[in-house]
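Okay, structure first, notes after.
Each residue takes its place number in the sequence, starting with 1.
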Amino acid sequence: MNSLVIDLIVCGLAYVISVYFLATLTKNSLNKGKRSDDGDGGIENLTPPKIDLPPGVIWPSDTPKKSKTPEPVEG
């Protein structure tokens, strides 16, 4: 065989073996590190921040409610 083919086969085997060992070592360390708390401490605040909008801009949820009955037209 050509030396290039042999080099490619050896490099491919080395790659497969290194990926296998890396995957097994990473899997073991991930299983050991599972904890219920994320470690940052403090009080959990789930409300979104109040964003200061420029004048004249309102959020769609803050739009004025329209009445269901149409106003009578004067004629």
Quick one: pull up CD1 in I9 and CG in L4 and give me the separation to the nearest 0.5 Å.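 The CD1 atom of I9 sits 10.0 Å away from the CG atom of L4.
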Under 3.5 Å donor-acceptor, T26 side chain and A23 backbone: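 Looks like no, no N/O pair under 3.5 Å.
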Any residue meeting side chain to side chain contact (heavy atoms under 4.5 Å, CB included) with [X], in chain and number order, not counting sequence neighbours:
X: V10; result: I6
X: I17; result: F21
X: I51; result: L53, W59
X: V19; result: Y15

Side-chain cluster (under 4.5 Å, hydrophobic types only) that I58 belongs to, other residues: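 Cluster partners of I58: none, it stands alone.
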Holding to side-chain hydrogen bond (donor to acceptor under 3.5 Å, both in side chains), I want the full list of residues that pass it with T47, two or more places apart in sequence or in another chain.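 Partners of T47 by the side-chain hydrogen bond (donor to acceptor under 3.5 Å, both in side chains) criterion, ordered by chain and then number, come out as N45.
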